[in-house]
2 protein chains.
Amino acid sequence: MPAMSEAPESKPVGAGRQLLFLREEELRLAQDLLFFGYRDFTAGPDAILAELGMGRAHHRVLHFVGRRPGITVGDLLSILGITKQSLGRVLTPLVEDGYVTQAPGRNDRRQRLLSLTEKGEAMEKRLFERQREWVMRAYREAGPVAVEGFRRVMLGLMGPEARAQLDRAQPAATPGAPKPRSAA
Amino acid sequence: MPAMSEAPESKPVGAGRQLLFLREEELRLAQDLLFFGYRDFTAGPDAILAELGMGRAHHRVLHFVGRRPGITVGDLLSILGITKQSLGRVLTPLVEDGYVTQAPGRNDRRQRLLSLTEKGEAMEKRLFERQREWVMRAYREAGPVAVEGFRRVMLGLMGPEARAQLDRAQPAATPGAPKPRSAA
DNA sequence: AAGAAACGTCAATGACGCTGACCCAAAAGG
DNA sequence: CCTTTTGGGTCAGCGTCATTGACGTTTCTT
């Protein structure tokens, strides 16, 4: 199976400055980066949420409901990839506390179409702003080219299902420039 | 809704196609990317770990102990950013099951210097390989430039403390001799 | 000898997942 | 019309991973 890290005899791997052969250290760095980066990325919102007796799961609901107003419970479940029991534990309080509203579907009245209330939007906005400052700093430090690269790698890190959901979740951001796809 | 033409800093970004002003959608995409990407990144190891009755926390210990053999419990705690009780719940079984060894420090015998046993190394290797395939795919699809950008952004997403720890954790990244050496 | 430091551990709590079982109401379909 | 399926909710119990608080031991430092 795995030989220890040795001279990767496989390819000559020229590419002068930044050799990009996936040797051990290369990957271990990626692991570190993702662990620390994700943790610190979520730290800001976590702090706000904790004050309100909420957790990361609440934030996710606010985020995805905000992103797709009128989403059905089922769709939300498949995006989050959790069970309805798990969602219920988080969604019910959000509804009771007036962050999220439920409306019966017009076509299918069994459905509960979820949307954010004003309170919910304000909350989401607050969490969003906190994270925005953080990401903005990282983006600025890294520069536009790096940001594009970041996106491409993160997209590649996602499984096909998640990628499909992401596409579906993308609302037409600006009326007129709909498809920020492809990229090169 | 954020205005459209509000370049935050007057850096002449140029870069014709993808202007990098951090408008709303820009950030929401980052949130999605990080959520889905991190989740799917950890999915592989999680599956293996579950079979063995372990969790993500065990993986982290194996990872960081493997990265810095002879690390003290205190250092590991500050890297992971958890309490010693939390670590104990995961570390004790790892030691009992023969994945990790403890050796008294030669300068300070109060310390328990942690290292992986052969069993532990094999385990870590297995988890590593799973993740390597996944990251490798993403890296290949994205290309070297994107990978460099990914690193820069993730680094920016980390807090200063994490960045310092990452530096300390980095064994010589020079291509050719990636074998760290530290306390006996 | 006293105190601080490094580590371990018992106990309780909370967030966030999971499975299994069961319920209701509305849609679908014979 | 009546049965089945589907969208959603809920109760009960379990496991992981994190927390705080308190206490104990060994060892280093002063």
ask   = Quick one: B:Leu80 CG to C:dC7 P, roughly how many Å, whole number?
value = 13 Å
Tabulated below should be each protein N or O lying under 3.5 Å from an N or O of nucleotides 1-3 of chain C; please produce it.
none

query = Is the closest side-chain heavy-atom distance between A:Leu29 and B:Leu166 below 4.5 Å?
reply = yes
message = Could you work out, with side-chain contact (heavy atoms from CB on, under 4.5 Å) as the rule, every residue matching B:Ala146, not counting sequence neighbours?
response = A:Arg152, A:Val153, B:Ala142
inquiry  = When you measure from the side chain of A:Thr117 to the backbone of A:Tyr99, do you find a donor-acceptor pair of N or O atoms at a distance under 3.5 Å?
reply    = yes
request  = Scan nucleotides 19-30 of chain C nucleotide by nucleotide, 5' to 3', and note B when protein non-hydrogen atoms come under 4.0 Å of the base, S if they reach only the sugar-phosphate, - if neither.
outcome  = BBB----BS---
ask   = For B:Leu87 and C:dA6, what is the distance between atoms CG and C1' respectively, to the nearest whole Å?
value = 13 Å
Spacing of B:Ile71 atom CD1 relative to C:dA6 atom C1', expressed in whole Å = 14 Å
inquiry  = With a strict under 4.0 Å distance from non-hydrogen atoms of chain A, what nucleotide opens and what nucleotide closes the contacted stretch of DNA chain D, reading 5' to 3'?
reply    = D:dT6 to D:dC11
remark   = Computed from five pairs at either end and rounded to 10 degrees, the angle between the axes of the helix from C:dA1-D:dT30 to C:dG30-D:dC1 is 10°
query = Which pair of non-hydrogen atoms, one from B:Leu62 and one from B:Gly120, has the smallest distance, and what is that distance?
reply = CD2-O, 4.4 Å
request  = Tell me what A:Gly88 touches on the nucleic acid: a base, only sugar-phosphate, or nothing, going by heavy atoms under 4.0 Å.
outcome  = nothing
request  = Return yes if some donor-acceptor pair links the side-chain N/O of B:Gln131 with the main-chain N/O of B:Phe41 below 3.5 Å, else return no.
outcome  = yes
message = Within the structure provided, determine whether B:Glu148 and B:Val145 are in side-chain contact (heavy-atom separation under 4.5 Å).
response = no
inquiry  = For B:Arg109, give me all partners under side-chain contact (heavy atoms from CB on, under 4.5 Å), at least two apart in sequence or on another chain.
reply    = none
ask   = Got a donor-acceptor contact below 3.5 angstrom from the A:Ser78 side chain to the A:Asp75 backbone?
value = yes
request  = Could you state the atom-to-atom distance from CD of B:Gln111 to P of C:dA6 in whole Å?
outcome  = 7 Å
message = Contact list please: residues 90-104 of chain B against DNA chain C, heavy atoms, distance less than 4.0 Å, in numerical order.
response = B:Thr92, B:Gln102
task = Compute both the distance and the angle, then confirm whether A:Arg68 meets the cation-pi test with A:Phe64: under 6.0 Å from the six-membered ring centre, within 45 degrees of the axis.
result = no
message = For B:Gln85, give me all partners under side-chain contact (heavy atoms from CB on, under 4.5 Å), at least two apart in sequence or on another chain.
response = B:Thr83
task = Sequence neighbours left out, what passes side-chain contact (heavy atoms from CB on, under 4.5 Å) with A:Glu161? Give chain and number order.
result = none
ask   = Can A:Arg28 and B:Glu124 be counted as an ion pair, charged N to O under 4.0 angstrom?
value = yes
inquiry  = Strictly by side-chain hydrogen bond (donor to acceptor under 3.5 Å, both in side chains), give each pair with a member in residues 46-64 of chain A just once, sequence neighbours left out.
reply    = A:Thr42-A:Arg56, A:Asp46-A:Arg56, A:His63-B:Gln31, A:His63-B:Asp32
ask   = Ion pair present between B:Arg132 and B:Glu129, side-chain N to carboxylate O less than 4.0 angstrom?
value = yes
message = Quick check with a 6.0 Å cut-off and a 45 degree axis cone: is B:Arg137 positioned over the face of B:Trp134's six-membered ring?
response = yes
request  = Name all pairs fulfilling the salt bridge (Lys or Arg N to Asp or Glu O under 4.0 Å) condition that reach into residues 110-122 of chain A, sequence neighbours left out, sorted by first residue then second.
outcome  = A:Asp108-A:Arg110
same_hphob_cluster(A:Tyr38, A:Ile48) at 4.5 Å side-chain heavy-atom cutoff = yes
request  = Could you check which residues of residues 52-60 of chain A get a heavy atom under 4.0 Å from DNA chain C? Sort them by number, please.
outcome  = A:Gly55, A:Arg56, A:Ala57, A:His58, A:Arg60
Test side-chain contact (heavy atoms from CB on, under 4.5 Å) applied to B:Leu114 and B:Thr101, step by step = CA-CA 6 Å; B:Leu114 306 173; B:Thr101 52; over 6 Å; no
